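Given the structure is predicted, the values throughout are model-derived calculations rather than measurements. All heavy atoms count here, side chains included; hydrogens, waters and symmetry mates do not.
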Amino acid sequence: MRFNTLLRSYNRRFRLPSTTAEDSGRRLFGNRWFSALSFQTVSAEEISGTHPAEVKNLVQGKWERSSSWNTILDPLNGEPFIKVYEVKGNEIEPFVQSLSKCPKSGIHNPFKSPERYLLYGEISSKAANMLSQEEVADFFAKLIQRVSPKSYTQALVEVQVTQKFLENFGGDQVRFLARSFGVPGNHLGQQSNGFRWPFGPVAVITPFNFPLEIPLLQLMGALYMGNKPILKVDSKVSIVMEQMLRLLHECGLPEEDVDFINSDGITMNKLLLEAKPAMTLFTGSSRVAEKITADLKGRIKLEDAGFDWKILGPDVQQVDYVAWVCDQDAYACSGQKCSAQSILFMHEEWSKSKLLSKMELLANRRNLKDLTIGPVLTVTTERMMEHIKNLLQIPGSKVIFGGKPLENHLIPHIYGAIKPTAVFVPLDEILKESNFDLVTTEIFGPFQIVTEYKNDELPKVLNACEKMHAHLTAAVVSNDPYFLQEVLGSSVNGTTYAGIRSRTTGAPQNHWFGPAGDPRGAGIGTPEAIKLVWSCHREIIYDVGPVPANWKIPPST
């Protein structure tokens, strides 16, 4: 099915409006009238091999083409449908110069241009207002679908979370991020004050799987605190943030406040080494994260890969609900979430229930027609099938369901396409040194490991969690308070859900999302995350006197 046909079927099903600028109507906004989609330079439904879109770069306030472009293939049919103007290594100088113009003290801070805190509160309010409009939200949801195929519901939720985040930081909320404190000193006229201080020039590097939410939330956090960011999004999906930046400009974002670059990894690495940003936020693979950490001498915050676990406790209940959450956690967005359920530890009592058969039924509902399963953009079908084959060499391992390529599709071979898959591996085999790295290899697709533990084997499960190296999300599915205490007290994952309704995915904007156990760990979404990632502590000690009237120079010490 062609993509525009698919989107029209969604319009009928959800009664959504068309996304053309002409029929978007006009709305009152601030002191002027504007078209809700006046920022739009592409139509999500019309992008195709015959009508390719273009993605430019933004540097020093101007949208620019580069000398060459990278052609992006439609992940559903292989058509070359987007031209991304990628900057080459010999073209980075304007970006280096732009970052170098930003002082270490940032564009604003509590003592410099504090009115910009208010400016960004206003920008956030206006952008939230625009994203709350049905035709704007629909445009971004469909654009996300075009480049990172997922169901309409999943794409729309990404837009809604972004809108709520912007709404949360409207009005005075940006300046509250820079709230200071004072402590009385030792004598009259002395007081110490703690301030949140920007880094100055910074970089934001984000992946493909959440083309709007991750880059926008981190970018705005950087701006709120007074930094000058350069943003790089995976070229496969960078069209989404290009359009979002145009929306932000319409909402009052100064065009020179953000640079936006498209490039390959080698060029971006060269830019980082030459521009020397004071801090870089990287969201993506652990392998790249470790390289950048070394290159930048630790001036980095990471939200890297996660082999995320879920433990089902001894109290079996709400089997239908738990099965549905497991299906969503493992296979929504075709498993391409850093928070996706990678391994399921089932208490033996759950094995006796109908959990696995219900999970299989739910997995089998997923199909390409509604994009509840779709292309995997970073792992090929061959690589996933090879991984399954290697796992099945472990004694006692078996495919529970799936384990086969998708059929009857036009997904290009550079991407992956397999059915939602679960492979059982015995717990004792997982813990063997010869197997552990294989079993805990993150496959960024619709794939999970399932295992079982007996009542006295919880220490083995906790040992497996201890041995994992990426501690992003986790779920402890139980309402047994003693069980929860034991598991939570012996684990470190930064975003951990506890209780019978626990999940590993679907973090909203109202709680911290990020890893733990690593001093480089970056959060997203909350005031605490923004302050941790995008500002540092500065202590200013006022000591204005008076000097005591009888003071004399004391002996040397």
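- Contact of the Pro215 side chain with the Val204 side chain is not registered, since no non-hydrogen atoms from C-beta on lie closer than 4.5 Å.
- Residue pairs meeting the salt bridge (charged side-chain N to carboxylate O under 4.0 Å, His left out) criterion with at least one partner in residues 378-395, sequence neighbours excluded, do not occur; the list is empty.
- Judged by distance alone, the side chain of Ser502 and the main-chain N or O of Tyr497 form a donor-acceptor pair under 3.5 Å.
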### Query
Can you list the steps and then say if Trp534 with Gln218 is a side chain to side chain donor-acceptor pair (under 3.5 Å)?
CA-CA 9 Å; Trp534 295 114; Gln218 294 292 13; 3.0 Å; yes
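- Rounding to the nearest 0.5 Å places CE of Met359 at 7.5 Å from CG of Asp327.
- Residue His469 qualifies as open at atom NE2: its count of foreign heavy atoms under 6.0 Å is 12 or below.
- With contacts defined as side-chain heavy-atom distances shorter than 4.5 Å, the pair Leu458/Val487 qualifies.
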Check against side chain to side chain donor-acceptor pair (under 3.5 Å), Gln336 and Asn209:
CA-CA 6 Å; Gln336 295 172 103; Asn209 54 334; over 6 Å; no
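- Look at Arg520 and Glu290 and you find a salt bridge, because one of the NZ, NE, NH1 or NH2 atoms lies within 4.0 Å of a carboxylate O, short of that distance.
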Practice task
Report the C-alpha separation of Thr421 and Ile443 in whole Å, then their side-chain angles, then the decisive distance to 0.1 Å, and conclude whether the side-chain contact (heavy atoms from CB on, under 4.5 Å) test is met.
Solution key: CA-CA 11 Å; Thr421 297; Ile443 298 296; over 6 Å; no
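- Panel note: side chain Ser397, backbone Leu391; a donor-acceptor pair is recorded below 3.5 Å.
- Distance check: Glu64 CD to Phe95 CZ gives 8.0 Å after rounding to the nearest 0.5 Å.
- In the displayed structure, His51 atom NE2 is contacted under 6.0 Å by at most 12 heavy atoms of other residues, nucleotides or ligands.
- The side-chain heavy atoms of Thr372 and Ser151, taken from C-beta on, include a pair separated by under 4.5 Å.
- Distance check: Asn262 CG to Asn70 CG gives 9.0 Å after rounding to the nearest 0.5 Å.
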query = Going through the distances and angles, do Gln509 and Lys164 end up as a side chain to side chain donor-acceptor pair (under 3.5 Å)?
reply = CA-CA 7 Å; Gln509 72 293 330; Lys164 282 295 182 184; over 6 Å; no
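- Tyr85 does not carry Lys56 over the face of its six-membered ring by the limits of under 6.0 Å from the centre and within 45° of the normal.
- In this structure, Ser263 and Leu271 have side chains that are not in contact, with every pair of non-hydrogen atoms separated by 4.5 Å or more.
- Within the 3.5 Å criterion, the main-chain N or O of Gly514 finds a donor-acceptor partner in the side chain of Thr495.
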Take Lys337 and Gln154 through the side chain to side chain donor-acceptor pair (under 3.5 Å) test and state the conclusion after the steps.
CA-CA 11 Å; Lys337 296 184 179 183; Gln154 287 284 321; 3.3 Å; yes
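- By the 6.0 Å and 45° rule, Lys150 stacks over the aromatic ring of Phe210.
- Put simply, the side chain of Lys142 never gets that close to the backbone of Phe139: no donor and acceptor are under 3.5 Å apart.
- For Trp69, the CH2 atom counts as loosely surrounded, since its 6.0 Å shell holds 12 or fewer non-hydrogen atoms of other residues, nucleotides or ligands.
- Nearest heavy atoms, Ala474 versus Thr504: C-CG2, 4.1 Å.
- Side-chain contact between His387 and Leu438 is present, with at least one heavy-atom pair separated by less than 4.5 Å.
- Salt bridge annotation for Glu242-Arg246: present, with a cationic side-chain nitrogen under 4.0 angstrom from a carboxylate oxygen.
- The 12-atom threshold is not exceeded at NZ of Lys454, counting heavy atoms of other residues, nucleotides or ligands nearer than 6.0 Å.
- If you take CD on Glu86 and OG1 on Thr71, they are separated by 9.5 Å, rounding to the nearest 0.5 Å.
- Of all heavy-atom pairs between Leu488 and Ala498, the closest is CD1-CB, 4.0 Å.
- For Glu274, the CD atom is densely surrounded, since the number of other residues' heavy atoms within 6.0 Å is greater than 12.
- For the pair Ser353/Val322, no side-chain contact is recorded, criterion being any heavy-atom separation below 4.5 Å from C-beta on.
- No side-chain donor-acceptor contact under 3.5 Å links Thr526 to the backbone of His511.
- Annotation for Ile373 and Ile418: closest pair CG1-O, 3.9 Å, computed over non-hydrogen atoms.
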**Asked** When you look at Phe208 and Val240, which way does the side-chain contact (heavy atoms from CB on, under 4.5 Å) test go after all the steps?
**Response** CA-CA 10 Å; Phe208 75 92; Val240 178; over 6 Å; no
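- Within the 4.5 Å cutoff, side-chain heavy atoms of Trp512 are placed close to those of Leu532.
- Rounding to the nearest 0.5 angstrom, the gap separating the CZ atom in Phe513 from the OG1 atom in Thr505 is 9.0 Å.
- Not a single donor-acceptor pair under 3.5 Å links the side chain of Ser148 to the backbone N or O of Ile144.
- Between the Thr381 side chain and the Ala417 main chain, a donor and an acceptor come within less than 3.5 Å of each other.
- A donor-acceptor pair under 3.5 Å is absent between the side-chain atoms of Lys358 and the main chain of Ala323, judged by distance alone.
- Within 6.0 Å of atom CD in Glu466, 12 or fewer heavy atoms from other residues, nucleotides or ligands are found, so the atom counts as exposed in its surroundings.
- Checking side-chain atoms of Gln448 against main-chain N and O of Leu344 turns up no donor-acceptor pair under 3.5 Å.
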Would Glu303 and Leu472 count as a side-chain contact (heavy atoms from CB on, under 4.5 Å) if you check the C-alpha gap in whole Å, the side-chain angles of each, and the deciding distance to 0.1 Å?
-> CA-CA 8 Å; Glu303 196 266 273; Leu472 184 54; 3.5 Å; yes
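- Glu91 and Ser66 share no side-chain donor-acceptor pair at under 3.5 Å.
- Summarising the geometry, atom CD1 belonging to Ile261 is positioned 7.5 Å from atom OG1 belonging to Thr267; distances are rounded to the nearest 0.5 Å.
- Under the 4.5 Å side-chain criterion, counting only non-hydrogen atoms from C-beta, Leu272 is in contact with Thr280.
- Side chain of Asn367 to backbone of Arg365: a donor-acceptor contact under 3.5 angstrom is found.
- Lys460 forms no cation-pi arrangement with Tyr453, by the criterion of a distance under 6.0 Å to the ring centre and an angle within 45° of the ring axis.
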TODO: Step by step, work out the side-chain contact (heavy atoms from CB on, under 4.5 Å) result for Asp329 and Thr473.
DONE: CA-CA 11 Å; Asp329 282 347; Thr473 68; over 6 Å; no
